[in-house]
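Down below is the structure, laid out as structure tokens.
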4 protein chains.
Amino acid sequence: MAESGDGPKVLIAGASGFAGAIAARLVQEHPVFRLGPITARAEAGQRLVDLYPQHRVGAVLEELDLDAHAEQADAAIVGYPHAAAAPVVKALLDRGLKVIDLSADFRLRDLATYEDWYGEHPHPELIGQSVYGLPELYREQLAGAQLVSGPGCFPTAALLGLRPLAAGGLLADVVIDAKTGVSGAGRGLSHATSYVTITDSVSAYKTTGHRHRPEIEQELAVSGSDVKVTFVPHLVPVDQGEYVTCYATLSARVSADEIAARYAKAYADEPFVEVVSGPPNTRGVRETNFCRIHVQVEEHTGRVMVFSAIDNLWKGTASQALQSLNVMYGLPETAGLLPGAAGSVGVTA
Amino acid sequence: MAESGDGPKVLIAGASGFAGAIAARLVQEHPVFRLGPITARAEAGQRLVDLYPQHRVGAVLEELDLDAHAEQADAAIVGYPHAAAAPVVKALLDRGLKVIDLSADFRLRDLATYEDWYGEHPHPELIGQSVYGLPELYREQLAGAQLVSGPGCFPTAALLGLRPLAAGGLLADVVIDAKTGVSGAGRGLSHATSYVTITDSVSAYKTTGHRHRPEIEQELAVSGSDVKVTFVPHLVPVDQGEYVTCYATLSARVSADEIAARYAKAYADEPFVEVVSGPPNTRGVRETNFCRIHVQVEEHTGRVMVFSAIDNLWKGTASQALQSLNVMYGLPETAGLLPGAAGSVGVTA
Amino acid sequence: MAESGDGPKVLIAGASGFAGAIAARLVQEHPVFRLGPITARAEAGQRLVDLYPQHRVGAVLEELDLDAHAEQADAAIVGYPHAAAAPVVKALLDRGLKVIDLSADFRLRDLATYEDWYGEHPHPELIGQSVYGLPELYREQLAGAQLVSGPGCFPTAALLGLRPLAAGGLLADVVIDAKTGVSGAGRGLSHATSYVTITDSVSAYKTTGHRHRPEIEQELAVSGSDVKVTFVPHLVPVDQGEYVTCYATLSARVSADEIAARYAKAYADEPFVEVVSGPPNTRGVRETNFCRIHVQVEEHTGRVMVFSAIDNLWKGTASQALQSLNVMYGLPETAGLLPGAAGSVGVTA
Amino acid sequence: MAESGDGPKVLIAGASGFAGAIAARLVQEHPVFRLGPITARAEAGQRLVDLYPQHRVGAVLEELDLDAHAEQADAAIVGYPHAAAAPVVKALLDRGLKVIDLSADFRLRDLATYEDWYGEHPHPELIGQSVYGLPELYREQLAGAQLVSGPGCFPTAALLGLRPLAAGGLLADVVIDAKTGVSGAGRGLSHATSYVTITDSVSAYKTTGHRHRPEIEQELAVSGSDVKVTFVPHLVPVDQGEYVTCYATLSARVSADEIAARYAKAYADEPFVEVVSGPPNTRGVRETNFCRIHVQVEEHTGRVMVFSAIDNLWKGTASQALQSLNVMYGLPETAGLLPGAAGSVGVTA
């Protein structure tokens with residue numbers, strides 16, 4: 001662990017990825033946390049600012065040195081691919097750090113489900129120790145957590161959108177149609193994410209099953225609605241932004257007013273969830289930790305439709321990790337995550 | 001009507017709009033049809049090429065002069081807003097022209113439904129005379145039609161996607177989540193379609209009811225499935241392109257193979273519908289009259305998912321009008337709509 | 001003027017425009033200034049957040065009431081069109097407010113030049129009282145100013161790029177080729193700024209003379225180089241961002257090292273100008289008050305090439321106004337303009 | 001060579017690249033040429049339509065087999081990287097095929113210049129046998145050519161823009177500021193061409209010297225103006241499109257009218273060059289073989305400004321190769337390159 005000083009030092013392991021880089025920036029700009037080592041493999045030796053001029057992080061990326069870097073940090077955010085993450089997470093926990101893992105390694109509580117979707121788990125013994133890092137659902141557990149698993153971006157938007165319905169077992173059936181910006185695919189090179197492929201085109205992908213589906217089902221079940229979800233993501237020509245449209249059939253007749261009241265109540269005190277009076281757009285939450293939600297009952301069919309917008313790299317990944325870290329350290333949950341004095345403004349649309 | 005000559009002359013009334021301009025271009029490039037007068041109000045006096053350099057139509061836009069222009073044409077494509085279209089359509093019919101109306105005025109067969117969604121109808125007496133201009137469904141009726149109503153862009157993509165399920169009454173329930181490019185909103189100026197609003201953002205719109213819904217329901221019912229549809233359009237940063245994702249619950253247990261066979265059979269001989277083996281993208285059909293469709297059964301839930309991609313201005317509007325016009329005149333249905341010798345290639349994905 | 005309180009209150013007159021809205025946001029988030037009334041004409045009665053969800057300003061737009069609003073503010077930022085701005089500026093000055101005018105009304109010091117480009121000037125008597133609000137050039141004069149004229153966005157990028165050459169009379173000739181995002185055209189509706197027009201296209205505009213040219217020439221002359229400038233702006237499919245490429249012929253032989261030294265020295269202590277070692281991009285300065293500059297000598301021809309990147313709405317307009325306001329009030333120049341503790345990081349490229 | 005049949009068969013070697021794929025499509029749609037084998041390395045075994053659904057070429061990519069494939073073709077278009085191209089070109093020439101090489105291997109006539117910019121030349125003996133494939137300049141030589149070198153995309157736009165000035169030695173000095181779409185970088189994967197890097201950003205690149213500069217200088221010299229060129233390309237968020245802005249100082253005083261007359265005369269009979277009355281945009285020439293040019297004299301400085309717009313993959317590469325092939329085979333130069341009956345329309349702007 002780092003020497004005592006003004007604030008906890010945060011190691012970013014895997015800082016050259018889109019989310020890791022934003023995490024480094026948010027820690028650098030944070031009023032309490034201090035930026036510890038930032039690491040990368042291929043890009044070691046480069047300054048982060050040269051990869052991401054917009055984040056203005058001048059620190060140099062280093063190859064991860066578990067012993068040395070653990071000495072220089074109190075907490076770590078790990079931005080590794082699944083399966084590669086777990087061993088690093090374990091090593092950092094063993095060295096006394098609090099860890100937020102951005103991979104999928106500790107999101108699923110059921111080992112068999114993990115193995116169905118991701119293959120063998122490197123450290124199944126840690127699964128039970130992890131807290132699911134969605135502060136709106138697990139605020140109390142996060143307070144004392146050593147290991148936190150950052151939710152997937154789609155589950156973040158979907159669960160915040162559906163939670164008030166799922167709680168109380170109201171959800172009988174749900175179709176989740178998601179539209180995501182390209183940054184969600186990560187920084188790895190592929191024809192699928194090149195400019196020429198993406199521009200002026202729309203397409204569905206992973207239609208035979210996306211790994212975020214069992215994660216969504218797990219948390220809806222925890223909330224009270226054990227439901228099989230249809231989840232289809234679409235790629236649209238957007239950089240950062242995720243839009244999740246949920247078509248829900250309820251298990252009981254509930255009036256529109258009652259549903260509105262449920263959402264208002266659920267999120268009245270949430271600093272980062274805004275229930276708005278019309279469909280939000282992703283632009284309005286870009287580069288913020290906010291999730292904007294609109295809910296309405298379709299008279300024609302009785303379906304409940306929920307529209308949920310986030311920035312997939314911020315609330316969907318990096319800034320949500322900071323939100324969790326704030327909770328883990330007993331800091332104000334919004335520390336470093338609101339520009340100036342700005343807070344929620346109850347946006348109409 | 002125009003003097004006899006090499007081929008029928010086509011008047012484009014409302015050629016300054018996005019779809020009207022493409023119609024003018026397609027007529028100009030057509031091997032048989034000849035471009036008659038092209039008209040516009042605000043832009044009269046300008047050459048179409050100066051509004052749309054890419055279409056290369058050098059003709060000058062004129063104010064519509066019903067008597068004079070009807071004399072110079074055998075057929076007309078009318079690109080007016082609803083309610084404004086019907087009187088022009090009637091006047092052209094009265095003067096002996098074949099007419100394809102791109103507005104909504106003659107899409108709905110039930111007057112009350114029309115009035116619910118669009119207000120008073122200027123010429124209800126003509127409703128029964130119109131043929132719905134989706135050649136894949138109404139080829140025979142189109143052959144002898146004087147008045148054809150061009151389908152809405154969303155209905156085009158949705159109906160081609162769902163028709164093989166609807167036929168035979170298989171469709172019990174369907175959610176249609178559509179993503180459309182901005183050109184679908186037309187050329188009229190609004191903050192909603194400015195570059196700054198659209199770029200890097202996604203949003204649902206008209207979530208309390210879009211006018212294309214009753215049109216979809218009407219044609220699904222005609223096909224055999226009387227079903228209440230949930231239909232939600234989303235605006236994405238795309239110019240031309242429309243992607244319709246359908247989540248269908250069937251009224252009977254049907255195997256995946258059987259569904260595949262239904263689609264293969266339904267579209268085996270269709271020159272402009274391609275059933276592909278994975279989710280299509282809109283880029284692949286941009287500026288073409290093709291509709292690409294992928295269907296799959298979700299094992300997890302038993303739902304049938306259909307993905308349908310078109311260019312909203314081409315197959316969704318202007319080139320489909322030419323396809324209908326080809327049928328109306330007994331020409332090869334693909335005349336002027338295929339580049340060179342190219343035809344369907346049975347795209348894998 | 002406003003009652004005394006914690007910090008000066010700032011009226012934003014014309015807050016519904018792109019730049020005015022950002023100014024409102026920056027004042028709201030500012031550690032010292034407080035947001036006073038925000039005004040608009042057509043949008044009066046709406047909350048600013050409903051026009052710009054991303055800025056999170058919950059205040060309601062009001063119609064400007066000079067007497068009432070002047071009472072509630074100590075300073076004003078005026079975001080009106082030229083000619084419309086001057087009378088409001090005068091009225092606010094008369095009521096004792098410090099004023100930053102974002103229009104062109106007080107940028108040009110020569111009345112005849114103003115009238116050549118903009119027509120009759122409503123208040124020529126005020127021209128001499130205005131300070132040109134480019135803090136890097138006029139820091140001292142800004143300290144005591146009552147009236148500040150915000151520079152044009154192109155002049156901001158061009159002058160910061162060329163100043164070290166112009167100073168000392170080194171500039172013999174210069175071609176300025178600018179590429180700008182669409183937001184520079186303002187919020188007014190036009191076909192030229194619709195999504196469909198802009199996407200996937202590049203075009204030059206105002207090639208027979210852009211109003212920012214005399215402004216650039218004026219300030220280069222003040223700096224010591226009286227030179228006729230060729231200036232051509234191009235519109236590219238970008239939202240916020242401006243890239244100015246300058247091709248300069250010097251009046252004396254100067255080595256590449258000496259030029260590098262001049263730039264290094266000129267901007268060593270500037271908090272918002274970064275001289276970088278390769279061509280910058282606009283993404284790296286988006287939504288910041290930074291200007292990134294790269295200078296190099298082309299051996300082949302001896303020309304000096306300067307690349308200057310800003311966000312046209314931030315450093316080019318709104319955040320630069322805040323920078324000036326900080327100077328006018330004796331606050332740290334960076335107050336409210338740097339995220340967290342972040343400062344310049346000497347970006348390599 | 002292919003057996004005699006209806007039309008010459010064209011082999012596309014390197015058909016998986018952006019330009020090679022378009023060449024394959026254009027040959028497939030051509031009224032006379034027939035598509036021979038199409039080859040690729042990594043993608044061999046795939047159908048071209050699966051890589052590029054929009055081109056609708058159903059043929060399967062094969063690994064190049066010089067002997068077998070030469071037997072099946074009369075001509076070849078080679079889309080290989082420089083240095084890799086020359087040996088294939090030679091092998092195909094040796095087997096009796098007419099060859100159009102899209103690489104840089106035969107563009108520069110001076111071996112030393114080639115080696116300065118590209119390294120050792122694999123077949124310098126062929127340099128003298130190649131004709132520079134810009135039909136507007138070398139139409140006569142193309143008629144009898146066995147080996148044609150396709151010009152670079154920037155040289156195509158720049159030379160068509162400057163030729164009427166260069167001819168007669170009018171060009172004293174020129175700055176060429178180019179803006180190009182991303183497809184110009186080719187299909188190879190790189191962070192520089194990923195969607196996230198490109199969107200909403202502008203940047204100059206290769207500012208210390210781009211390989212197209214000596215090519216431009218070579219052809220301007222041939223035309224009569226031996227001039228050192230400043231050439232700086234910029235990357236903008238565009239897929240296909242290239243915009244070249246030329247700032248020329250003339251060696252003699254020439255009136256605006258005289259310059260206009262020179263351009264009018266130079267291009268009066270050119271089927272693919274349109275001199276327009278205002279700055280063109282790239283959208284207007286997308287997916288066409290047209291080059292649109294606007295020329296004007298800047299009164300303020302006496303400079304001549306030329307704006308030239310092409311599609312970098314079409315007129316800049318693939319369709320221009322077909323134009324040359326038409327000339328080589330004595331076909332109408334526009335065969336297969338104009339939609340329907342469309343021709344030049346003397347676009348105003």
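Each chain gets a letter, A, B and so on, in the order the sequences are listed, and its residues count up from 1.
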What heavy-atom pair brings [X] and [Y] nearest, and what distance separates the two atoms?
| X | Y | answer |
| --- | --- | --- |
| C:Thr282 | D:Asp200 | OG1-O, 3.8 Å |
| D:Ile176 | C:Tyr247 | O-OH, 4.4 Å |
| C:Val229 | D:His300 | O-CD2, 3.2 Å |

Would C:Val175 and D:Arg303 satisfy side chain to side chain contact (heavy atoms under 4.5 Å, CB included), going step by step from the backbone distance to the final call?
CA-CA 10 Å; C:Val175 169; D:Arg303 273 198 187 87; 3.4 Å; yes
Could you have a look at [options] and say which one has the most heavy-atom pairs with chain C under 4.5 angstrom?
| options | result |
| --- | --- |
| D:Val238, D:Val236, D:Thr208 | D:Val238 |
| D:Ala204, D:Gly181, D:Pro237 | D:Ala204 |
| D:Thr230, D:Thr199, D:Asp173 | D:Thr230 |

Atom CZ in D:Arg292, atom OG in C:Ser203: separation rounded to 0.5 Å?
11.5 Å
Looking at OG1 of C:Thr245 and NZ of D:Lys179, how far apart are the two atoms once the value is rounded to the nearest 0.5 Å?
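Rounded to the nearest 0.5 Å, the OG1-NZ separation comes to 7.5 Å.
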Keeping D:Arg283 on the side-chain end and C:Val196 on the backbone end, is there a donor-acceptor pair under 3.5 Å?
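Yes; at least one donor-acceptor contact below 3.5 Å.
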Name the region of D:Val202, side chain, backbone, both or neither, that has any atom closer than 4.5 Å to a heavy atom of chain C.
both
Options C:Thr197, C:Thr207, C:Asp239, C:Val297, ranked by heavy-atom pairs under 4.5 Å with chain D, top entry
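Option with the greatest count: C:Thr207.
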I'd like to know which of C:Glu242, C:Glu217, C:Glu299 tops the heavy-atom pair count under 4.5 Å against chain D.
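Of the options given, most contacts go to C:Glu217.
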For C:Gln240, which atoms come within 4.5 Å of any heavy atom of chain D: side chain, backbone, both, or neither?
backbone
Which bit of C:Lys228 comes within less than 4.5 Å of chain D, counting heavy atoms only: side chain, backbone, both or neither?
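The answer is both parts of C:Lys228.
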Where does the angle between the aromatic ring planes of D:His234 and C:Tyr243 fall among parallel (under 30°), tilted (30 to 60°) and perpendicular (over 60°)?
perpendicular
